[in-house]
Student: 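Here's a structure for you.
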Amino acid sequence: MMGFSLQSLKKPVRIGEVTRTIKHDSGLELTLVVKHDPAFNSAFAKAQQLLTTKTTKDSFKRENQSDITGYEALIMVIGEYLVSDWNVDVNGEAVEPSGDNLLLVCENISSGLEKFLTQLFETVTSMIKEFSDTTEDAKKKPVAPHTGAWIET
């Protein structure tokens with residue numbers, strides 16, 4: 001009787017995640033988590049393309065209300081994939097983190113929005129770099145074949 005045939009003796013590498021909390025003077029707190037997520041990678045790449053397209057004066061005119069800028073797209077991607085928790089509510093009812101909701105939160109920040117967005121983008125950038133560096137380090141670490149342990153970073 002033939003058994004299950006392994007294609008490789010390499011064990012899978014489980015990569016950790018990078019978590020940060022950022023705060024705004026208004027009392028807003030966001031917990032961001034970067035982890036392995038192919039859907040995020042795809043959405044983030046699409047948002048980055050919008051940031052690098054050549055802009056003209058006409059680029060700033062909206063064709064319709066569903067058109068968004070590159071920065072709005074980036075905020076939506078962050079809200080949709082990276083915000084795991086926040087302290088946002090409406091009349092005492094918790095608001096779930098999402099891309100659309102993060103845009104609404106930003107629209108409701110009356111003071112210090114530019115500072116908040118700068119902090120948000122810089123934090124996400126450093127988290128992605130840290131996660132990428134961690135992933136590369138984990139790939140380089142040998143796994144002892146007899147332990148059966150996962151590599152955790």
Side-chain angles (χ1 to χ4, degrees), residues 7-8 10-141 143 149-153:
Q7 299 300 314
S8 171
K10 289 186 177 182
K11 294 188 179 9
V13 176
R14 189 180 82 195
I15 307 299
E17 56 189 36
V18 177
T19 303
R20 299 263 190 299
T21 299
I22 62 172
K23 299 176 183 182
H24 182 260
D25 297 338
S26 65
L28 172 66
E29 289 187 27
L30 302 172
T31 300
L32 303 165
V33 177
V34 172
K35 58 187 175 188
H36 175 71
D37 184 349
F40 164 73
N41 295 342
S42 174
F44 188 70
K46 289 175 187 172
Q48 282 186 311
Q49 286 175 349
L50 291 174
L51 292 173
T52 58
T53 25
K54 185 176 180 180
T55 48
T56 64
K57 184 171 71 172
D58 292 332
S59 300
F60 296 108
K61 297 178 183 173
R62 291 183 186 235
E63 296 286 328
N64 59 50
Q65 287 301 313
S66 64
D67 287 347
I68 61 173
T69 67
Y71 287 105
E72 288 172 320
L74 192 54
I75 291 168
M76 286 190 71
V77 169
I78 291 169
E80 199 65 36
Y81 294 97
L82 302 185
V83 177
S84 67
D85 191 32
W86 60 10
N87 63 344
V88 178
D89 69 79
V90 174
N91 299 324
E93 293 291 319
V95 175
E96 289 295 315
S98 73
D100 288 329
N101 288 342
L102 184 55
L103 280 175
L104 289 172
V105 166
C106 289
E107 289 175 9
N108 282 280
I109 294 177
S110 58
S111 176
L113 177 60
E114 185 176 316
K115 180 181 173 186
F116 171 73
L117 291 176
T118 299
Q119 180 186 17
L120 178 64
F121 294 147
E122 287 176 353
T123 301
V124 167
T125 301
S126 72
M127 291 173 70
I128 290 171
K129 182 179 178 344
E130 182 179 332
F131 181 77
S132 177
D133 291 348
T134 302
T135 302
E136 287 304 312
D137 287 346
K139 287 179 183 175
K140 293 176 187 174
K141 290 182 183 177
V143 177
W150 295 71
I151 295 176
E152 293 197 36
T153 54

Student: Other residues, nucleotides and ligands only: do more than 12 of their heavy atoms fall within 6.0 Å of OH on Tyr71?
Tutor: no
Student: For Ser26, check side chain to side chain contact (heavy atoms under 4.5 Å, CB included) against everything at least two apart and list the hits.
Tutor: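 For Ser26, the residues satisfying side chain to side chain contact (heavy atoms under 4.5 Å, CB included) (neighbours in sequence not counted) are His24, Leu28.
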Student: If you look only at pairs with a residue in residues 101-111, which of them pass as a side chain to side chain donor-acceptor pair (under 3.5 Å), with sequence neighbours excluded?
Tutor: Ser98-Asn101
Student: With sequence neighbours excluded, what pairs up with Ala45 under the side chain to side chain contact (heavy atoms under 4.5 Å, CB included) test?
Tutor: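 Applying side chain to side chain contact (heavy atoms under 4.5 Å, CB included) to Ala45 gives none.
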Student: Taking all heavy atoms of Cys106 and all of Leu113, pick out the closest pair and write down the distance.
Tutor: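 For Cys106 and Leu113, the tightest heavy-atom pair comes out as O-CD1, 3.6 Å.
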Student: Tell me, please, which residues at least two apart from Glu122 pass side chain to side chain contact (heavy atoms under 4.5 Å, CB included).
Tutor: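 Partners of Glu122 by the side chain to side chain contact (heavy atoms under 4.5 Å, CB included) criterion, ordered by chain and then number, come out as Thr118.
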Student: To the nearest 0.5 Å, what is the distance between OG1 (Thr123) and CD1 (Ile128)?
Tutor: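 Reported value, rounded in 0.5 Å steps: 11.0 Å.
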Student: Please report the interatomic distance NZ(Lys115) to CD1(Ile109), rounded to the nearest 0.5 Å.
Tutor: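 Lys115 NZ to Ile109 CD1: 11.5 Å, rounded to 0.5 Å.
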Student: Can you list everything that forms a side chain to side chain contact (heavy atoms under 4.5 Å, CB included) with Leu103? Sequence neighbours excluded, please.
Tutor: Glu72, Ile75, Met76
Student: Less than 4.5 Å apart, side chain to side chain, heavy atoms only: is that true for Val34 and Val124?
Tutor: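 Val34 vs Val124: side chains apart.
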Student: Kindly indicate whether the side chain of Leu32, heavy atoms from C-beta on, has any atom under 4.5 Å from the side chain of Leu120.
Tutor: yes
Student: Rounded to the nearest 0.5 Å, how far apart are OG1 of Thr31 and NZ of Lys23?
Tutor: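 Those atoms lie 9.5 Å apart.
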Student: Start with the C-alpha gap between Phe116 and Asp25, add the side-chain angles, then the distance that decides, and say whether side chain to side chain contact (heavy atoms under 4.5 Å, CB included) holds.
Tutor: CA-CA 9 Å; Phe116 171 73; Asp25 297 338; over 6 Å; no
Student: Can you find a pair of side-chain heavy atoms, one from Ile78 and one from Phe121, that are under 4.5 Å apart?
Tutor: yes
Student: Holding to salt bridge (Lys or Arg N to Asp or Glu O under 4.0 Å), I want the full list of residues that pass it with Lys35, two or more places apart in sequence or in another chain.
Tutor: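 With sequence neighbours excluded, Lys35 shows a salt bridge (Lys or Arg N to Asp or Glu O under 4.0 Å) to no residue whatsoever.
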Student: According to ring-ring contact (aromatic ring centres under 6.0 Å, His included), who are the partners of Phe40, at least two apart in sequence or on a separate chain?
Tutor: Phe44
Student: Distance check, rounded to the nearest 0.5 Å: Leu82 atom CG versus Glu80 atom CD?
Tutor: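 It is 10.5 Å, given to the nearest 0.5 Å.
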Student: For Phe131 and Gly16, work out which heavy atoms get closest and say how close.
Tutor: CE1-O, 3.1 Å
Student: If I compare all heavy atoms of Ala39 with all of Tyr81, which pair ends up nearest, and what's the gap?
Tutor: CB-CE2, 3.7 Å
Student: Show which side-chain atoms of residues 87-95 pair as donor or acceptor with protein atoms under 3.5 Å away, not counting sequence neighbours.
Tutor:
from  : atom 1 : to    : atom 2 : distance (Å)
Asn87 : OD1    : Glu29 : N      : 2.8
Asn87 : ND2    : Gly27 : O      : 2.8
Asp89 : OD1    : Gly92 : N      : 3.1

Student: Looking at every heavy atom in both Val33 and Ser84, which two are closest together, and how far apart are they?
Tutor: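 Answer, listing the atom of Val33 first, then Ser84: CG2-OG, 3.5 Å.
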